[in-house]
Each structure stands twice: as C-alpha cells, then as structure tokens.
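Quick notes on the structure that follows.
Starting from 1, each residue takes its place in the sequence as its number.
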Amino acid sequence: MLERLNKIYTAGLYIRLSREDDDKTYESESITNQKSLLLQYVKENNLRVYDTYIDDGYSGTNFDRPDFNRLLNDIESGKINMVITKDMSRLGRDYIGTGNLIEKYFPEHNVRYIAVTDNIDTFLDSSNNDIAPFKSIMNDMYAKDISKKIKSSLKAKMKEGKWVGGRTPFGYDQDKDNKNHLVINPEQAIVVKRIFDMCLEGLSFFKIAKQLTNDGVKTPAQYYNFEWKSNYNLKYGEWHSKTIRDILTNRMYIGDMVQNRRSKVNYKVKKVIKNNPNNYIIVENTHEPIIDKKIFYEVQKIIPKNKGRNEKKEIHLLDGLLYCGDCGHRISIQSRRKKDNRCYTICNYYRTYMKQKLCTTHSNNYDELEKVIVKSLSEMCLNYINKDKIKNSTLNNLKDDNKLTNKKELEILTNDIRQINDNLDIIYIDKLNKKITEEQFKRVKLKFENELNIKQKKYSELNNSINDNINEESKNKMVVEYINKFLSMKEPSRELIINLIDKIEIYEDKTINIKVSFG
C-alpha cells in the first residue's frame, strides 16, 4: 500500500455539468466551482495535472461523452494514472456504469480514483470506500427522480397545449416570442395544402410523392438539413410515400396539438419507442390551422380506400371499394382490353391462388357494374334524405344545455389538474431542499397522484363525450351535404363516392351489397 501511495501520479481532472444540474439549487456544481475545488485539492496535495476534461451539458446516465472518452483514451495510452472528480456523481449517475469504472476499469488500468467531497480514495483502506457503492445507488436514484420530474413537467405542458418538442412539424415554426407556440411557415404550408388537394383528387401516396419530386419541391429533410440512413431525401430531394402519409394523417395541421407520440425506454437508455395512439396527448385548437377540418376528415376517409391500389393510368370511380363477398379479399379492376375497350373485375385471392381454387373469379364488366352501383346509391340517398327531414327540436335543446354544463365542468377540472401538478413540483423542491423528509414526500406525493389520476380520468371521459356529440352532429351535416351534392350531379366524382361508400361486397352469384357511411 505504501508503495502505491509513494508512486508518482499524473492526474486527469474530470468535470461534468448536466442540464438537470443547471439550477440555482446546485450553484456549487458549476464548471468554474468544480475546477476551482479540484485545482485547490491538487495544489494542497502537491499533485501533477496532465489535463482537465470538461463535459458541459451531458447527463450522468450517459457515458458516451466527448471529454470523458478522451480521458479514457489518455488512461489507456498511459498519459494519466489518477482521476479526480468533485464527487462520484460527476463521474456518473448510473450505478452500474459508475461501479464498473471504480470496481473494474480503474483497478485493471492501475488508476487511482479520488472523489474529493465524498472522501473516496481507491488507494486508501478507508470505510468511505466501502460505502461508495451505496453513494452510487443514491446518485442513480437522484437521476431517476430528476427524470421523473422533467417528464412530469413536460407532460403538464403538453396537457396545456404547449409545444415542447424539438423539430416542429413540416409547415410550422416555433414562435420567436413564445417557444411553446407554433406559427405557420408560409412556404411549407403551400406544399402541405397541395398534398391534401392532390389526395382529394384521387392520387395515391406514391403518385403524390412522385409529382412533388418531379416538380423539384423541397423535402422536409432538405428544409431541416438532416440526413436519414438513406440520404436521398437530403441529397436528391426525393419525396417518399411514408412522408406523404405522415403529413396527410397528422392532426397538427387542423390546429390540434398532438404530442407524446414517442418516449424513451427509460432514463438510462436513449432508444425511443412509439407510444400507443391511446396515450397521445391531444389538445384542440392550440395554433392556427393549415388545413380545414372538413378537408382533413375527408382525406382520412379516402386514405384506407386508396390502400393497395395499383399505380395504373386509369383511375376508376370504385377503385379500392370493391371486396369479394365470399372470401373477404379485395377485388381489383383489370386494364381495359384493346379489342373491345372493356375492363373486368377479378378477386385478388382467386388470382393469387388460381391453381388451388380457393375462390372464384367474381368477374364482372366494370362499366356495367359501376352504373348499377351508382343507380342503387342514388335510391339509398333519396331514402335517407326523406327520413332526415324529421327532426326533434326538444332533443337538440337538451343537447345544448348539456354542452354548456360539461364545458364549465371541464374548465374547473383543468384548473384543478394544473394546481395539483404545481403542488407536486413544490413538494419535490421542498424534498431536494430538505424542508421535508423522504417519508413525508412519499406520503404527500401519493395523495396528490391519486387525486390527479381521478381528475384526469374524469376530464378525459367528459372531453370524449363532448367530442363524440360534436363529431356525430358534424358527420350528419356533412353526409347530408355530400348526398345533396351527389344527387345534383349527373356524373359523380370519385371524392363524393368515397365519402358516401365504405365498402362494396360482390358475391359469385352477382349479388351486390353496398355498405354506405350513412343511414
């Protein structure tokens, strides 16, 4: 032991400051103060310093830090044989990673480690060294606690409809005066509107992407100047079907804030996973919309009906709506024959497994089939319009009264939820400042969290109830509008047909079952 202490040491001073430490409560953790403390220590102990290694803005749970890696390289190249930090938490807050360094890596490389304020020196036979693992676990628990607090704070902001993400959705910028608010990017908004218009015209994701690429329209990757694994988006300005789909299905474009789509596995792992859509945090009408709600929901009805369509030159009125009534698979429309200019339908399942005879052809002259279906739809629309003329005014008045009461209750619940979140933040700070004990903190925290869960559940149920009523009324008005428009046209458009028909089932015996979106 004496031989080891008399050894000539060349020290590396390691300093780390993370964003969670950047708070007035932790002023002593600043880069300047850490450096001053370490220099004073080496001066008092007459130690030689090779270099100072500083990682500013890096979490203690992440060991992939630039200067920390440089420190390890200098250890392995024999330039330093001593590492000094202010305390163990500066080395790291992950007890597994920190323990591996202190218990394995440093001894294997004959490196002496000193944590000044924790009184830890790995080359001394001291009881302080024995409790190092417990200090490491406490540091890890602190990092976990901080992570939970940050997540809670971010979710509270999300529920208030504030933008807390990094890169904004294509078509929007962060407001220069308020980073939690989104404003429209006029140049990008033109592209978003064009994409929705092309979808309404019946173009598939692939064809929209191809058209934008051919026209030289800048991709989101080019605007934000970042690269994918395949960097065609950035280098060649190539639009892809997935990008088009993501834009067309994003509620952000109707002024609703949609967040919490993704989350990290845990506070130690960088990997991000997609959340279940049921866990999305959605707040309506938080920013200026680019797309009208009516247009947006028309597009949502079109999208599943365009799925699986062939990218053929001719677009038929009933494309994507035909299904085999016997096997349930799609029925496709074949290309027109040159000899008689006719096209026929065929069951996709039959075509794929023709030899096995798992289904039959379901062949029909498409043009004749279209006439029959349009005529049947006209009759169904007339019946619906006649029934819809009977209205109950008393029921409508009751609905209006319920809406007013529910909205007032929502306002009260919103204020209650905000107050509980504020209280949780206050008791957390009190715990850090040691104004309350850990036991008191846990007891009060549990009480607030139970109360918060009850309020949030009630808020969600009430909000869904209001939205369901509004959506149902809007849907009825829209259906009547579509029907009137359809009946007034001699040749209906594909857009109208898609909005009126959900599915058309065709059976081998030529029976047709039209499933409409009304009545």
Point to revise | Whether Arg245 side chain and His240 backbone form a donor-acceptor pair below 3.5 Å | key: no
Check your understanding: At their closest point, which heavy atom of Tyr14 faces which heavy atom of Arg65, and how far apart are they?
Key -> OH-NH1, 2.8 Å
Check your understanding: Do Tyr113 and Phe106 make the cut of ring centroids closer than 6.0 angstrom?
Key -> yes
Exercise for review: I would like to know whether Phe68 and Tyr53 meet ring-ring contact (aromatic ring centres under 6.0 Å, His included); could you show each step before the answer?
Suggested key: CA-CA 7 Å; Phe68 182 74; Tyr53 306 81; 9.4 Å; no
Check your understanding: Heavy atoms, side chains only, cut-off 4.5 Å: are Val164 and Met158 in contact?
Key -> yes
Point to revise | Closest non-hydrogen atom pair between Ile244 and Trp239, with its separation | key: CD1-CE3, 3.7 Å
Check your understanding: Does a side-chain N-to-carboxylate-O contact under 4.0 Å join Arg70 and Asp67?
Key -> yes
Practice item. Output, in order, the C-alpha distance, side-chain angles, deciding distance and verdict of side chain to side chain donor-acceptor pair (under 3.5 Å) for Gln419 and Asn423. Key: CA-CA 6 Å; Gln419 185 61 53; Asn423 289 338; 3.2 Å; yes
Review point. Between Phe296 and Tyr253, does the ring centre distance come in under 6.0 Å?
Key: no
Exercise for review: Please check if the side chain of Ser460 supplies one atom and the backbone of Gln456 the other of a donor-acceptor pair under 3.5 Å.
Suggested key: no
**Study point:** Salt-bridge criterion met for Asp197 and Lys193 (N-O under 4.0 Å)
**Key:** no
Check your understanding: Does His329 have its ring centroid less than 6.0 Å away from the ring centroid of Tyr323?
Key -> no
Point to revise | Ring centre gap for Phe170 and Tyr223 strictly below 6.0 Å | key: yes
Check your understanding: Is there a side-chain contact between Thr85 and Ile114, using heavy atoms and a 4.5 Å cut-off?
Key -> no
**Study point:** Neighbour count >12 (heavy atoms, 6.0 Å) for atom CD, Glu288
**Key:** no
Review point. Looking at side-chain heavy atoms only, is the closest gap between Tyr280 and Arg251 below 4.5 Å?
Key: no
Practice item. Decide, yes or no, whether a salt bridge links Asp502 with Lys515 under the criterion of side-chain N to carboxylate O below 4.0 Å. Key: no
Point to revise | Lys210, NZ atom: more than 12 neighbouring heavy atoms under 6.0 Å | key: no
Check your understanding: Between Gln259 (side chain) and Lys162 (backbone), is there a donor-acceptor pair under 3.5 Å?
Key -> yes
Exercise for review: Give a yes or no on whether a salt bridge exists between Lys445 and Glu449, defined as a side-chain N under 4.0 angstrom from a carboxylate O.
Suggested key: yes
**Study point:** Non-hydrogen side-chain atoms of Val516 and Tyr384 separated by less than 4.5 Å
**Key:** no
Check your understanding: Given side chains that start at C-beta, do those of Met198 and Gln211 come closer than 4.5 Å, heavy atoms only?
Key -> yes
Practice item. Establish, from distance only, whether the side-chain atoms of Ser30 and Thr32 form a donor-acceptor pair under 3.5 Å. Key: no
Review point. Regarding Asn69 and Asp64, is there a side-chain donor-to-acceptor distance under 3.5 Å anywhere?
Key: yes
Review point. How about Leu182 and Pro169: do any of their side-chain heavy atoms sit closer than 4.5 Å?
Key: yes
Check your understanding: Any luck finding a side-chain donor-acceptor pair between Arg418 and Asn421 under 3.5 Å?
Key -> no
Practice item. Inspect the contact between Asp416 and Lys455 and indicate whether a charged nitrogen and a carboxylate oxygen are less than 4.0 angstrom apart. Key: yes
Practice item. Look only at the side chain of Asp118 and the backbone of Met88, and say whether a donor-acceptor pair between them is shorter than 3.5 Å. Key: yes
